[in-house]
Amino acid sequence: MGLVASFMGRGIPSTQMSSLVMGTLYDSFIEKDITTFEEFHVAILDIFNSFNSALPGKHYDVPSRQGVETCFTSWKEAGNSAGRKQVFIDFMKNNVGLSKLDDSTLITGLVTPPAAMVVKKAGENVPQLTIIKSIPDVVFVPSATVLALISVKLSRKIVQKKVAS
């Protein structure tokens with residue numbers, strides 16, 4: 001009874017919770033027979049897929065391929081299971097980050113639906129675009145919003161690649 005009351009007041013200490021989660025992750029990770037980098041990479045991607053599908057609202061960014069390769073080499077060099085577990089835990093603690101929405105995506109998501117409605121209403125009066133009347137608003141607005149969000153994401157990736165070069 002005292003143990004339950006102590007957890008009710010303070011909760012589980014963060015270090016205990018972190019080690020519990022990391023231990024569970026490593027146990028599910030080590031169940032797979034991993035001998036090559038590709039198998040290691042698939043196992044890491046599987047962990048992030050499990051995270052992102054199980055936790056509503058929170059999504060975690062997958063580390064870069066170079067980061068996973070670095071972790072794999074140090075994981076292979078560790079040799080014993082205790083060393084490998086520590087390498088895995090350090091990698092997860094250092095490379096797991098919440099996915100953040102940037103301002104351009106947020107603004108595009110907010111501005112596009114009303115702009116799509118305005119464009120559709122204006123397009124209905126243009127003789128060459130009379131076919132736009134046959135598309136329901138329920139289909140047109142989400143389609144325009146998704147296309148705008150995809151174009152923002154792609155253009156941001158292109159710009160980041162040019163800046164990195």
Side-chain angles (χ1 to χ4, degrees), residues 14-15 17-18 21-22 24-26 28-30 32 34-78 84-165:
S14 63
T15 55
M17 187 59 132
S18 175
V21 169
M22 289 299 175
T24 306
L25 278 176
Y26 186 73
S28 69
F29 177 75
I30 203 65
K32 302 172 178 123
I34 299 171
T35 55
T36 64
F37 170 72
E38 295 304 322
E39 293 169 349
F40 186 84
H41 195 227
V42 167
I44 294 286
L45 292 176
D46 187 38
I47 287 172
F48 280 92
N49 188 25
S50 300
F51 266 171
N52 291 337
S53 63
L55 298 174
K58 289 187 176 183
H59 290 284
Y60 295 91
D61 290 331
V62 178
S64 67
R65 185 175 175 91
Q66 292 82 12
V68 175
E69 286 176 0
T70 305
C71 178
F72 178 70
T73 55
S74 37
W75 185 77
K76 282 296 245 187
E77 292 168 357
R84 285 184 171 187
K85 184 174 183 177
Q86 190 59 42
V87 167
F88 176 78
I89 288 172
D90 291 341
F91 173 74
M92 292 302 281
K93 282 183 180 178
N94 294 332
N95 293 305
V96 173
L98 277 174
S99 180
K100 294 183 175 90
L101 216 60
D102 65 338
D103 291 338
S104 61
T105 304
L106 184 64
I107 290 170
T108 303
L110 291 173
V111 170
T112 303
M117 287 301 299
V118 168
V119 167
K120 184 170 189 258
K121 294 297 178 198
E124 289 175 352
N125 296 330
V126 177
Q128 291 85 359
L129 298 177
T130 54
I131 195 164
I132 207 165
K133 289 181 184 177
S134 64
I135 302 171
D137 291 345
V138 179
V139 174
F140 185 78
V141 173
S143 300
T145 305
V146 167
L147 288 174
L149 289 171
I150 289 171
S151 67
V152 165
K153 189 171 187 173
L154 289 176
S155 63
R156 189 174 348 113
K157 283 188 177 188
I158 291 169
V159 168
Q160 286 177 348
K161 283 184 181 178
K162 286 183 181 178
V163 169
S165 300

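We count residues from 1, following the sequence as given. Treat the numbers as computed from the prediction; the structure is a model and nothing was measured.
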On a heavy-atom basis, which atom in [X] and which in [Y] lie closest, and how many Å separate them?
{"X": "Pro127", "Y": "Thr130", "result": "O-CG2, 3.3 Å"}
{"X": "Lys120", "Y": "Ile132", "result": "CE-O, 3.4 Å"}
{"X": "Phe40", "Y": "Cys71", "result": "CZ-SG, 3.7 Å"}
{"X": "Thr70", "Y": "Ser74", "result": "O-OG, 2.9 Å"}
{"X": "Ala144", "Y": "Thr112", "result": "O-CG2, 3.7 Å"}
{"X": "Thr145", "Y": "Pro113", "result": "OG1-CG, 3.6 Å"}

Exercise for the section: Starting at NZ of Lys133, measure out to CG of Asn125 and round the result to the nearest 0.5 Å. Expected result: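 The NZ atom of Lys133 sits 7.0 Å away from the CG atom of Asn125.
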
Problem - Spatial distance of atom CD (Glu77) from atom CZ (Phe72) [nearest 0.5 Å] - result: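 Nearest 0.5 Å value for the CD-CZ distance: 10.5 Å.
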
Exercise for the section: Going by the side-chain contact (heavy atoms from CB on, under 4.5 Å) test, name the single residue among Leu154, Val152, Ile158 that passes it with Arg156. Expected result: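 It is Val152, the one option of Leu154, Val152, Ile158 that forms the side-chain contact (heavy atoms from CB on, under 4.5 Å) with Arg156.
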
Problem - side chain to side chain contact (heavy atoms under 4.5 Å, CB included) assessment of Thr73 paired with Phe37 - result: CA-CA 9 Å; Thr73 55; Phe37 170 72; over 6 Å; no

Problem - Under the salt bridge (charged side-chain N to carboxylate O under 4.0 Å, His left out) test, residues paired with Arg65 that sit two or more places apart - result: Glu38, Glu69

Problem - Side chains of Asp137 and Lys121 in contact at under 4.5 Å (non-hydrogen atoms) - result: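 Yes - at least one pair of side-chain heavy atoms lies under 4.5 Å apart.
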
Practice task
State whether the number of non-hydrogen atoms from other residues, nucleotides or ligands found under 6.0 Å of Lys153 atom NZ is greater than 12.
Solution key: no

